[in-house]
Amino acid sequence: MENSKYLKGLNDEQLKAVLHEDGPLLILAGAGSGKTRVITLRAVHLIKTGRAKSYNILGVTFTNKAAREMKERIKKALEYEEGGHMEYGSGLPEFSTFHSFCLKLLRRHADLAGYERSFVVFDEDDSSKVITKIIKSLNLNEKIITPSKAKYFIEKNKNSFINAEESFGTVKAWEKDYAVIYSEYSKKLKESNAMDFNDLLFNAVRLFQNNPQILERYSNIYKYIMVDEFQDTNYIQDKLIKLLADKHKNICVVGDDDQSIYSFRGATIDNILSFEKTYPGCSVIKLERNYRSTKNILNAASALVKGNKIRKDKTLKTDKKSGGSIITVYQANNDYSESYYIAKEIRRLIREDGYSNKDIAILYRANSQSRVIEDRLIKESIRYNIYGGLKFYQRKEIKDILSFLRFALNPKDAVSFERSIQCVPTGAGEKTIKNMQDIAFKNGVDILTALKTGLFSSIRGLNNMQAQTIYIARASFPAAVPDSSVSGIANYFDVILKIKSEIESAILSKHEEAVKIGNSDIAAESESGSVSNSGDRLADIINFAYKASGYESMLKAGVSKANELDGNRIENIEELINASHDFGDITEFLDQSAINDTKEEPNARDGSDITKVSLMTLHSSKGLEFPVVFIAGLEEHLFPHIRSLDNESSLEEERRLCYVGITRAKEKLYLTWSKKRRSGKDYKYNMPSRFLREIPEELIEEIVDTYEYY
DNA sequence: TTCTCTAAAATTTTT
DNA sequence: TTTTAGAGAA
């Protein structure tokens, strides 16, 4: 077996990790030490030796991108081994993020988790809306109790597996209001048949705890579990993994404490530190050989991270003989000059050093830094891609249109109801909406049931028409334009009800089809709200929501008034409709839009990607590598960020973030900072980042800006 | 009461 | 620069 092709070229430690078979394994993998290779080859090895079937292996990652990449690499390795033929008909191992794994699980067992199968996932934006409303309704002091603090409180508790009632027992006196908000929030989400991101983990763990037979079933399927970026797991994620791995204890975790950068999301380094205690006799393998960066870059990174007190001691080594290029530190007079330098240097790198756009990344601490850089790149005609930032499915227009589908599918979803009825002026404002919700609530039914049973006859805009007749009387789906002969609010419900009946008939047809061919699995699945893609029904439905709601005419009116933003929005919605062609199932589509924003790698479909420079935050750069890396904005108060300065541990996290950024670079590294930076309408004056001083002088060449560009 | 326009405020990191 | 809040118009 050791002669297998896929094992070639591994160093001793890597080989040891790949060949590890049963029992717990902790891999401490430094930056660029080939840990992805190790994880994927270990999966390949388990399959090749017949120790496990593909479906016995579960890989858990933090990002969708990482999950995709690993699956891709496993596929390649298996194919390579077979001389180009994929013979593993049983498919590839499951690699998914914590969140998508839990979501799939909960969809399958929604009833046991106490939800209806059509539950929706609330993203941050949806959650914030609910929280803001609760704070208003409780008449709390909005100066002290802010939505973001409340959100943090709720998240912190959910991540620690503490529910609302329990939080009353653990809060300090001055946090009592937050526990009240948490309690109201949980109630509201439950009433809306909705889960937020944290609920996905929370409910999955509870599902396993309350239903040992289910846990047993999944434990027997996933005999081998691997967790990537283990240093970024929080309490509840760790708990989930422990539950699943408890039976077979074939758990392999990979992590690097120096790259722990998500403590603000509840990640705790304790999970790595206590791993050996949880699993006595576990094997520990250190990967310290770096295959990515030059010696100078590694030395800079090591010197920097040694400034942290709390860390496991390890040192990255390289076989490379020469030091490589020296690190450039650029001092700019203002942020425009900084961008100017970066753009100019990129052009030089391409012209003189033979690099191309795809080799280059510009990293920054905060998303807000990207704008000035973008402006400059556009002026210089340098093509670029932004990773992260406002994701496609988070855009207002996309969320607006999808809220129609979400509400039609799950009429309990209060957030989507409010959003869809207000995104186009319908004549229903705050008061009318509240009124309708109260009526429905008092009668113990959802909004659409209340409408159909005539409970809304007192609502303005609905009173001159029998509610039931709205949706059978008028032109059939798909209609293109809003009907101006009825009130905006009647038209709105007409649209919703047509979408709903369209969704239901699609589910029905899929169900019949499944029954006909005797496939009970599909039949069962379709009850959860699936829509078959015959005739691109999903795209039709979205198109219908867009046009019949009046959203399209609203945007077009904006365009005729030369509103550029509305033009972009039209394009985005068209892209949404395009993207929906790839999905057969409406629930799956909506799930993906919430937790797997496939647009996070922009336009991955068109290959033009590779001709562009990459822009992203330091956080989203983790796991990537580029021949040339620029880190912009190395200033006190920006990086390290001002909000990290009041305690040592968050300052150390900033330092790790800087370490992550530096270790992305393979050959050339540029660190830039600016004495003056525009912030709002005035300027802020900053000192150079302390991190610049922590890099040994001999590794640095300093360039000082002589001009000031605007 | 709802809609629209203008002024003011706000900017860490993400599944 | 973009988003939100508030005031006045319809």
Side-chain angles (χ1 to χ4, degrees), chain A residues 60-67 96-103 121-125 127-129 132 136 142 146-148 151-152 155 158-159 195-201 229 232-234 236-237 260-267 363-372 374-375 387-391 393-396 421-422 424-435 459-461 487-489 554 558 564-565 591-597 600 616-622 633 637-645 650 653-654 656-658 660-661 677-681 684:
Chain A
V60 189
T61 63
F62 270 87
T63 64
N64 296 295
K65 196 151 100 200
S96 53
T97 63
F98 276 102
H99 293 85
S100 63
F101 175 78
C102 293
L103 178 54
V121 178
F122 276 5
D123 65 15
E124 299 290 353
D125 187 46
S127 304
S128 299
K129 283 211 161 93
T132 309
K136 285 221 172 83
E142 289 177 41
T146 64
S148 70
K151 199 141 160 277
Y152 181 73
E155 246 163 52
K158 283 192 182 176
N159 287 338
M195 297 189 200
D196 66 17
F197 287 150
N198 305 303
D199 284 334
L200 295 174
L201 268 302
E229 308 280 14
D232 287 333
T233 51
N234 59 33
I236 197 154
Q237 288 163 337
S260 165
I261 55 175
Y262 284 108
S263 75
F264 67 92
R265 245 166 60 186
L363 313 180
Y364 36 82
R365 180 63 180 76
N367 274 313
S368 57
Q369 287 172 257
S370 75
R371 223 196 60 247
V372 176
E374 278 182 78
D375 286 348
Y387 292 75
L390 187 61
K391 300 230 173 69
Y393 286 99
Q394 318 269 65
R395 288 168 193 275
K396 182 185 183 310
I421 200 169
Q422 281 188 301
V424 175
T426 54
E430 212 182 327
K431 288 273 156 64
T432 310
I433 291 169
K434 181 81 172 31
N435 199 209
I459 301 290
R460 191 167 53 88
S487 72
I489 190 165
M554 183 179 76
E564 200 184 320
L565 188 66
D591 283 353
Q592 296 300 308
S593 74
I595 64 157
N596 185 1
D597 206 325
E600 74 184 337
M616 67 190 86
T617 63
L618 287 146
H619 278 88
S620 43
S621 76
K622 192 161 67 144
H637 293 197
L638 178 61
F639 192 28
H641 196 270
I642 187 161
R643 288 169 71 164
S644 71
L645 296 179
S650 54
E653 180 146 319
E654 294 285 299
R656 291 194 291 270
L657 189 57
C658 190
V660 166
R677 185 174 293 276
R678 197 180 190 124
S679 153
K681 56 178 181 184
K684 263 191 193 139

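Every chain is numbered from 1 and lettered A, B, ... according to where its sequence line falls, protein lines coming before strand lines.
Rounded to an integer number of Å, the gap from NZ of A:Lys65 to C1' of B:dT14 is 13 Å. Protein atom CZ of A:Arg656 is 18 Å distant from nucleotide atom P of B:dT13, rounded to whole Å. To the nearest angstrom, P of B:dT12 lies 15 Å from OH of A:Tyr364. One atom, CD1 of A:Ile459, and another, P of B:dT2, lie 10 Å apart when rounded to the nearest Å. Taking atom CZ of A:Arg678 as the reference point, atom P of C:dT2 lies 14 Å away to the nearest angstrom. At whole-Å resolution of the value, NZ in A:Lys151 and C1' in B:dT13 are 12 Å apart. If you take NZ of A:Lys396 and P of C:dT1, they are 20 Å apart, rounded to a whole angstrom. Between A:Glu374 atom CD and C:dT1 atom P there is a gap of 12 Å when expressed in whole angstrom units.
Of the possible donor and acceptor atoms, none in the side chain of A:Ser593 sits under 3.5 Å from a partner among the backbone N and O of A:Tyr393. Judged by distance alone, with hydrogens and angles left aside, the side-chain atoms of A:Glu654 form no donor-acceptor pair with the main-chain N or O of A:Ser644 at under 3.5 Å. Between the side chain of A:Asn435 and the backbone N or O of A:Thr432, no donor-acceptor pair lies under 3.5 Å. In this structure, A:Asn159 contributes its side chain and A:Arg265 its backbone to a donor-acceptor pair below 3.5 Å.
A salt bridge does not link A:Glu155 with A:Lys158: every distance from a Lys NZ or Arg NE/NH1/NH2 to an Asp or Glu carboxylate oxygen is 4.0 Å or more.
A:Phe197 comes within 4.0 angstrom of a base, heavy atoms only. Note on A:Thr426: only backbone sugar-phosphate atoms sit closer than 4.0 angstrom, heavy atoms only; bases stay farther off. Within 4.0 Å (heavy atoms only), A:Phe98 reaches no atom of the nucleic acid at all. Here A:Ser644 lies out of heavy-atom contact (under 4.0 Å) with every strand. Using a 4.0 Å heavy-atom distance criterion, A:Arg643 is classed as a base contact. Here A:Glu430 lies in heavy-atom contact (under 4.0 Å) with sugar-phosphate atoms only. No engagement by A:Ser100 is indicated, since no non-hydrogen atom pair under 4.0 Å with the nucleic acid exists.
When distances are taken from the side chain of A:Arg371 to each of B:dT2, B:dT12, C:dT1, the shortest belongs to C:dT1. The nucleotide whose nearest atom lies closest to any side-chain atom of A:Pro425 is, among B:dT4, B:dT1, B:dT13, B:dT4. Picking from B:dT12, B:dT14, B:dT2 the nucleotide with the shortest atom distance to the side chain of A:Tyr262 gives B:dT14.
For B:dT12, neither phosphate oxygen OP1 nor OP2 lies less than 4.0 angstrom from any side-chain nitrogen or oxygen of A:Thr617. Close to B:dT13, at under 4.0 Å from its OP1 or OP2, lies a side-chain N or O of A:Asn367. Of the side-chain N and O atoms in A:Ser368, none sit less than 4.0 angstrom from OP1 or OP2 of C:dT1.
The aromatic rings of A:Tyr262 and A:His619 are tilted relative to each other, their planes meeting at an angle between 30° and 60°.
Only the C1' atoms considered, C:dT4 is 23 Å distant from B:dT13, to the nearest whole Å. Between C:dG6 and B:dT11, the distance separating the two P atoms is 16 Å to the nearest Å.
In this structure, A:Phe264 packs face-to-face on the six-membered ring of B:dT13, meeting both the 5.5 Å centre cutoff and the 30° plane limit. Aromatic stacking of A:His641 on B:dT13: not satisfied for centres closer than 5.5 Å together with planes under 30 degrees.
In a base pair of the Watson-Crick type (N1 to N3 plus N6-O4 or O6-N4) or a G-U wobble (N1-O2 and O6-N3), with each distance short of 3.5 Å, B:dT6 is matched with C:dA5.
A 6.0 Å sphere centred on NZ of A:Lys431 holds no more than 12 heavy atoms belonging to other residues, nucleotides or ligands.
Both A:Gly427 and A:Glu654 lie near DNA chain B, and the one whose nearest nucleotide falls closer to the 5' end is A:Gly427.
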